[in-house]
K.L.:
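Quick one: this structure, given as structure tokens, is what I'll be asking you about.
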There are 2 protein chains.
Amino acid sequence: MKPVSPSDEPVPGDDVPFPRPHHDHDHCRHDALRRAEDVCARQGARLTQARREVLDLLWADHRPVSAYDLLHRLNADGRKAAPPVVYRALDFLIEHGLAHRLNSLNAFIGCAHIGGEHGAQFFICRECGQVAETRSPEIDSAIRTAGAELGFRVQAPVVEVEGVCPTCSGAPA
Amino acid sequence: MKPVSPSDEPVPGDDVPFPRPHHDHDHCRHDALRRAEDVCARQGARLTQARREVLDLLWADHRPVSAYDLLHRLNADGRKAAPPVVYRALDFLIEHGLAHRLNSLNAFIGCAHIGGEHGAQFFICRECGQVAETRSPEIDSAIRTAGAELGFRVQAPVVEVEGVCPTCSGAPA
DNA sequence: GTAATAAATGTTATGTTATAACAATTGATA
DNA sequence: TATCAATTGTTATAACATAACATTTATTAC
């Protein structure tokens, strides 16, 4: 596992490894926001207040968040936002490749890569709940090959792997 | 894609390909039931009426079914079974490797293989809704390798691939 | 064979996740 | 500035899942 200094930029093809306990998370958050602004500018989409807030909440840490948790966090300031507010923001972020839904958890997480809608894989730690997102051409290719053998046209591969992250393996709870 | 005659027995390592339109589905159902009886006998588990019925409903065809659909089908005869009846049967079937949950659909499907809890992959046709279950060592191994590179201990890989099956590709709806 | 125990089922209630439908507002465009 | 499209607000409800406890059915020990 190669270390990543805070100033490194995750790019497609790279793995974004498990966050180390004391990494510069402000950097992650600001970086995510900047990426979102870039993407929206390029695609002529509007990163409105609600969308920006939800994205920022997703980046509170490297753990997936349920839609209703997001709602509660939004409403922590006294607002009375209703579920569609959150679900619409999430739909937008997912459509623009800025967030992902983790089916196995019914929860959402900010996208750690730029570009590429498909072909991501998620490694989910059962101990600490943190998630690492990778883009492994090997996994993607193995899936496409297996699909081809079935005569199946692959459109959206979903890979979610539960297990234990290196930090929790080294120092079990 | 190699053809499979109705009398072939799916075994781990084999792919169970997309069901052809006019295959001998009674064979699939009876086979699944027999496998279930075997597994339960070997594990000292009881394949009770409710569990057997749910399993049989799962094998109505090769499409995943939601828990509430199962419930409605159970209750089609006038019963007033409640959700826990279905969820408990599903839990049992999943624990014993006789059924799977498809996270991306919130739905359940009978297990098309024998043995092996983990390492299955599901190819889900967006056109007809049918699902093929495979056990590809290549996919599994690519996932484990990627995990190892992250220092991640893989426990339960989940692979669900959306796309279009050969039948629907050949004769689009 | 019967009592004691464990496993499974029945039932009610409730918790969690997600979307439909429509009104009101805001931003972009002509 | 009128028009249209996009976004947001709001209410209601649909869809998915489980907690908790009573009852019944199987198994086991005696």
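Keep in mind that the numbers below use all heavy atoms, side chains included, and drop hydrogens, waters and symmetry copies. To find a chain, count down the sequence lines: A is the first, B the second, and so on, and within it residues start at 1.
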K.L.:
Is a donor from one side chain sitting under 3.5 angstrom from an acceptor on the other, for B/Arg126 and A/Gln155?
P.N.:
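On atom types as modelled, these side chains qualify, holding a pair under 3.5 Å.
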
K.L.:
Please give, in whole Å, the distance from C/dT9 C1' to B/Leu47 CG?
P.N.:
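Atom CG in B/Leu47 sits about 15 Å away from atom C1' in C/dT9.
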
K.L.:
Between D/dT8 atom C1' and A/Leu90 atom CG, what is the distance in whole Å?
P.N.:
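Rounding to the nearest Å, CG of A/Leu90 and C1' of D/dT8 are 15 Å apart.
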
K.L.:
Want to settle it: does B/Ala107 or B/Arg46 sit nearer the 5' end of DNA chain D, counting the closest nucleotide to each?
P.N.:
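First, find each residue's nearest nucleotide; the 5'-ward one identifies B/Ala107.
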
K.L.:
Tell me, with the steps shown, if A/Asp91 and A/Arg88 meet salt bridge (Lys or Arg N to Asp or Glu O under 4.0 Å).
P.N.:
CA-CA 5 Å; A/Asp91 287 347; A/Arg88 286 198 282 234; over 6 Å; no

K.L.:
Please answer whether D/dT18 and B/Tyr87 are stacked, defined here as ring centres separated by less than 5.5 Å and planes angled under 30°.
P.N.:
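No, aromatic ring not over the base.
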
K.L.:
Side chain of A/Arg88, heavy atoms from C-beta onward: which of C/dA21, C/dT11, D/dA17 has the nearest atom to it?
P.N.:
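The nucleotide sitting nearest to the side chain is C/dA21.
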
K.L.:
Describe, in one word, how the ring planes of B/Phe152 and A/Phe18 are oriented to each other, choosing from parallel (under 30°), tilted (30 to 60°) and perpendicular (over 60°).
P.N.:
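Rings of B/Phe152 and A/Phe18: parallel, as their planes differ by under 30°.
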
K.L.:
When the distance from CG of B/Asp91 to C1' of C/dT9 is rounded to whole Å, what number comes out?
P.N.:
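Those two atoms, CG and C1', are 14 Å apart.
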
K.L.:
Whether B/Arg52 and B/Asp56 form a salt bridge (side-chain N of Lys/Arg under 4.0 Å from carboxylate O of Asp/Glu) is what I want to check.
P.N.:
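So B/Asp56 does not pair with B/Arg52 through a salt bridge.
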
K.L.:
What is the distance from CG of B/Leu70 to P of D/dA15, rounded to the nearest Å?
P.N.:
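Answer to the nearest Å: 15 Å.
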
K.L.:
Using salt bridge (Lys or Arg N to Asp or Glu O under 4.0 Å), reason through A/Arg73 and A/Glu53 one step at a time and then give a plain yes or no.
P.N.:
CA-CA 10 Å; A/Arg73 293 183 197 182; A/Glu53 281 182 284; over 6 Å; no

K.L.:
Check the distance between C/dT17's C1' and B/Arg101's CZ and give it to me in whole angstrom.
P.N.:
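Atom-to-atom, B/Arg101 to C/dT17, this comes out as 11 Å.
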
K.L.:
With DNA chain D as reference, determine whether B/Asn106 or B/Pro84 sits nearer its 5' end, using the nearest nucleotide of each.
P.N.:
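Final value for this comparison: B/Asn106.
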
K.L.:
Can you identify which nucleotide, out of D/dC16, C/dT11, C/dT19, has its nearest atom closest to the A/Pro83 side chain?
P.N.:
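Nearest to the side-chain atoms of A/Pro83, counting from C-beta on, is C/dT19.
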
K.L.:
Which residue lies toward the 5' end of DNA chain C, B/Ala82 or B/Ala50, if each is placed at its nearest nucleotide?
P.N.:
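Its nearest nucleotide being more 5', the pick is B/Ala50.
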
K.L.:
Please give, in whole Å, the distance from D/dC16 P to B/Asn103 CG?
P.N.:
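Rounding to the nearest Å, CG of B/Asn103 and P of D/dC16 are 14 Å apart.
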
K.L.:
With the side chain of A/Thr48 defined as its heavy atoms from C-beta on, choose the nearest nucleotide among D/dT10, D/dT7, C/dG10.
P.N.:
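Output: D/dT7.
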
K.L.:
Take atom CZ of A/Phe108 and atom P of C/dT17, then tell me their distance rounded to the nearest Å.
P.N.:
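Rounded to whole Å, this separation is 10 Å.
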
K.L.:
OP1 or OP2 of C/dG10 sitting under 4.0 Å from any side-chain N/O of B/Arg79?
P.N.:
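False: B/Arg79 side-chain N/O out of range (4.0 Å or more) of C/dG10 OP1/OP2.
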
K.L.:
On the nucleotide C/dA8, are OP1 or OP2 found under 4.0 Å from the side-chain N or O atoms that B/Arg51 carries?
P.N.:
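Answer yes for this pair, as a side-chain N or O of B/Arg51 is under 4.0 Å from OP1 or OP2.
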
K.L.:
Would you indicate which nucleotide in D/dT8, C/dT17, D/dT11 comes nearest to any side-chain atom of A/Tyr68?
P.N.:
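The closest nucleotide is C/dT17.
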
K.L.:
Starting from P on D/dT11, measure out to NZ on A/Lys80 and report it in whole angstrom.
P.N.:
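It works out to 11 Å between those atoms.
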
